[in-house]
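The structure under discussion appears below in the form of structure tokens.
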Amino acid sequence: MVGSDASIMKSLLIMITLLLAPFQVLAADMAHKLAFVNKSLPFVQWPENLTNIGFCAAVSDEQWPQFSLLNSLSVKGKPLIVERVERSNNLATCDVLYLGDISVLELEYWSQKMAQLPIYSVCESWRCARENVMVGLGVEGGRLYFEFNVRVMKRAGLILDSRFLRLARTLY
């Protein structure tokens, strides 16, 4: 009986591990996306008068804890001030806006809200770069890639280093 209990317990552990595996992959993808965004920030030519960089995240409850870890970082000597934003928030303190997994209607809403603002915008879906977000992220074959919208960058009045732009899979 003891051997049978151990066998059942082992089977249960394997099943739980297999069930949780997709969530671990998603968490790893999120960590890679955040690392990419953080590493891309030095390539943005920020206005000289900025004393810090406001990093706003429109993300789910599950994703927020990973974003809050960015608070201890800095870019070119300027501390990142990370805050979670919702639809009702003003984007005046945002120099960076990260949009989580959002619908087409949500994308349209956020695009209108940040139009003409000097915001470096990043979205979890590569499709966002086709619309009104600067950087759209994607994962293919376990590798992270990004697409970039130059038109949105110009409208926002930001300049990004050409070395960064050369890494984009697609420029719009």
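Throughout, numbering of the chain's residues begins at 1 and tracks the sequence.
Looking at heavy atoms from C-beta onward, Gln45 lies out of side-chain contact with Leu158 at the 4.5 angstrom threshold. Using a 4.5 Å heavy-atom cutoff, the side chains of Asn149 and Asn132 are not in contact. Leu34 places a side-chain heavy atom less than 4.5 Å from the side chain of Leu70. Taking 4.5 Å as the limit, some side-chain heavy atom of Leu41 sits within range of a side-chain heavy atom of Val96. A 4.5 Å side-chain heavy-atom check between Arg130 and Trp126 finds at least one atom pair inside the cut-off. Annotation: side chain of Leu97 is in contact with side chain of Leu91 (closest heavy-atom distance under 4.5 Å). The shortest side-chain heavy-atom distance between Glu131 and Glu108 does not fall under the 4.5 Å cut-off. Put simply, the side chain of Val133 does not reach to within 4.5 Å of the side chain of Phe148, judged on heavy atoms.
Grouping the Ile, Leu, Val, Met, Phe, Trp and Tyr side chains by contacts below 4.5 angstrom, directly or via other members, places Ile159 apart from Val122. Each of Phe36 and Leu99 belongs to its own hydrophobic cluster when Ile, Leu, Val, Met, Phe, Trp and Tyr are linked at side-chain heavy-atom distances under 4.5 angstrom. Linking ILVMFWY residues whenever their side-chain heavy atoms come closer than 4.5 Å, directly or via other members, leaves Val104 and Trp110 in distinct clusters. Hydrophobic clustering, with ILVMFWY side chains joined whenever heavy atoms are under 4.5 angstrom apart, groups Phe43 together with Leu144.
With hydrogens and angles left out, the side-chain atoms of Thr93 and Glu83 include a donor and acceptor closer than 3.5 Å. Tyr172 and Arg151 form no side-chain donor-acceptor contact under 3.5 Å, judged by distance and modelled atom types alone. Side-chain contact of Ser88 with Glu86: a donor-acceptor pair under 3.5 Å is absent, judged by distance alone.
Taking the six-membered ring where tryptophan is involved, the planes of Phe67 and Phe55 are tilted, since the angle between them lies from 30° to 60°.
Tyr98 and Tyr120 have their aromatic ring centers separated by at least 6.0 angstrom.
With respect to the salt-bridge test (charged N to carboxylate O, under 4.0 angstrom), the residues Arg166 and Asp161 do not qualify.
Of all heavy-atom pairs between Met134 and Ser121, the closest is N-OG, 2.9 Å.
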- prompt: What's the verdict on salt bridge (Lys or Arg N to Asp or Glu O under 4.0 Å) for Glu147 and Arg127, showing C-alpha distance, side-chain angles and the deciding distance?
  reply: CA-CA 8 Å; Glu147 299 197 359; Arg127 290 179 185 92; over 6 Å; no
- prompt: Is there a salt bridge (Lys or Arg N to Asp or Glu O under 4.0 Å) between Lys78 and Asp95 once you walk through the steps?
  reply: CA-CA 12 Å; Lys78 298 174 184 184; Asp95 300 300; over 6 Å; no
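Judged by distance alone, with hydrogens and angles left aside, the side-chain atoms of Arg84 form a donor-acceptor pair with the main-chain N or O of Val59 at under 3.5 Å.
Arg87 forms a cation-pi arrangement with Tyr109, by the criterion of a distance under 6.0 Å to the ring centre and an angle within 45° of the ring axis.
Rounded to the nearest 0.5 angstrom, Lys33 NZ and Cys123 SG are separated by 8.5 Å.
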